[in-house]
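I have placed the structure first, in the form of structure tokens, so that the comments after it can refer back to it.
Values below: every heavy atom of this structure, side chains too, minus hydrogens, waters and symmetry copies.
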Amino acid sequence: QVQLVESGGRLVQAGGSLRLACTAPGRTVSPYLMAWFRQAPGKEREFVASIDWSGENTHYADSVKGRFTISRDNAKNTVFLQINSLKPDDTAEYYCAASVLRRLWRSALQDEYDYWGRGTRVTVSS
């Protein structure tokens with residue numbers, strides 16, 4: 001069983017930056033594919049970014065390309081999301097997800113992830 005815990009969400013002003021982190025404590029082997037999703041108030045959960053085990057294959061939603069950077073530290077079982085040039089539309093609950101059994105190098109589909117964190121809230125003021 002994989003336990004994912006997100007952190008780093010806070011209230012920030014538009015144009016600012018922050019860094020989110022997701023850890024999988026107690027796991028000896030890092031998940032093959034990890035990703036970030038987000039859910040804005042009154043909206044459905046949407047894909048943000050994913051990264052495979054090697055860290056070489058990253059995938060981003062069009063809305064965050066050039067502003068968000070996903071990375072991971074397998075030794076620490078941690079995935080990060082660096083967010084720059086924040087916009088009000090980035091306001092959402094951000095969730096970390098992990099695919100353990102599937103041999104995927106990228107995926108924007110929620111059903112292809114096996115474990116989820118409980119979320120960390122990002123609020124961007126104008």
Given Arg38 and Leu81, is the side chain to side chain contact (heavy atoms under 4.5 Å, CB included) satisfied, shown in steps? CA-CA 12 Å; Arg38 68 184 182 184; Leu81 186 68; over 6 Å; no

Spatial distance of atom CG (Leu86) from atom OG (Ser125) [nearest 0.5 Å]: 10.0 Å

Please tell me if the side chains of Val48 and Tyr95 come closer than 4.5 Å, counting only heavy atoms from C-beta onward. no

May I ask you to decide whether Glu6 forms a salt bridge with Arg118, counting only side-chain N to carboxylate O separations under 4.0 Å? no

To the nearest 0.5 Å, what is the distance between OG on Ser63 and CD on Glu46? 5.5 Å

Please round to the nearest 0.5 Å and tell me the distance separating atom CG of Leu18 and atom CD1 of Ile83. 4.5 Å

When you compare the side chain of Arg67 with that of Tyr60, does any pair of heavy atoms fall below 4.5 Å? no

If only atom types and distance count, is the side chain of Tyr94 paired as donor or acceptor with the main-chain N or O of Gly8 below 3.5 Å? no

Euclidean distance, Arg19 CZ relative to Arg10 CZ, rounded to 0.5 Å: 13.0 Å

Heavy-atom closest pair, residues Trp116 and Gln110: CZ2-O, 3.7 Å

Locate the shortest heavy-atom distance separating Pro31 from Ser99; write the atom from each residue and the value. CB-O, 3.7 Å

Minimum heavy-atom separation for Ser107 and Tyr113, please, with both atom names. O-OH, 2.6 Å

Checking Lys87 against Asp90 for the salt bridge (charged side-chain N to carboxylate O under 4.0 Å, His left out) test, could you report, in this order, the C-alpha distance in whole Å, the side-chain angles of both residues, the deciding distance, and whether it holds? CA-CA 5 Å; Lys87 302 177 180 180; Asp90 295 323; over 6 Å; no

Would you check, one step at a time, whether the test side chain to side chain contact (heavy atoms under 4.5 Å, CB included) holds for Val79 with Cys96? CA-CA 8 Å; Val79 63; Cys96 179; 3.7 Å; yes

Heavy-atom side-chain contact between Asn57 and Arg106 under 4.5 Å: no

Taking side chain as C-beta onward, heavy atoms only, is Leu33 less than 4.5 Å from Glu112? no

Which pair of non-hydrogen atoms, one from Glu44 and one from Gln39, has the smallest distance, and what is that distance? C-CG, 4.0 Å

Could you label the plane-to-plane angle of the Phe47 and His59 rings as parallel, tilted or perpendicular, counting under 30° as parallel and over 60° as perpendicular? parallel

Does either side chain, that of Asn77 or that of Thr23, offer a donor lying less than 3.5 Å from an acceptor on the other one? no

Is the side chain of Thr91 donor-acceptor paired with the backbone N or O of Val124 at a distance under 3.5 Å, no angle test? yes

With a 4.5 Å cut-off on side-chain heavy atoms, are Phe80 and Asp73 touching? yes

Roughly how far apart are Trp105 CH2 and Ile51 CD1, rounded to 0.5 Å? 13.0 Å

Ser50 OG to Met34 CE distance, which is reported to the nearest 0.5 Å: 11.0 Å

Between Phe68 and Trp36, is the ring centroid distance below 6.0 Å? no

Side-chain contact, heavy-atom cut-off 4.5 Å: Arg72 with Trp53? yes

Are Val122 and Leu20 side-chain neighbours, meaning at least one heavy-atom pair lies under 4.5 Å? yes

Do Leu101 and Leu109 belong together in a cluster built from hydrophobic side chains that touch within less than 4.5 Å? no

Nearest atoms (heavy-atom pairs only) where Pro88 meets Ser126: CG-CB, 4.2 Å

I need the minimum non-hydrogen distance between Ala21 and Thr78, along with the two atoms involved. CB-CG2, 4.4 Å

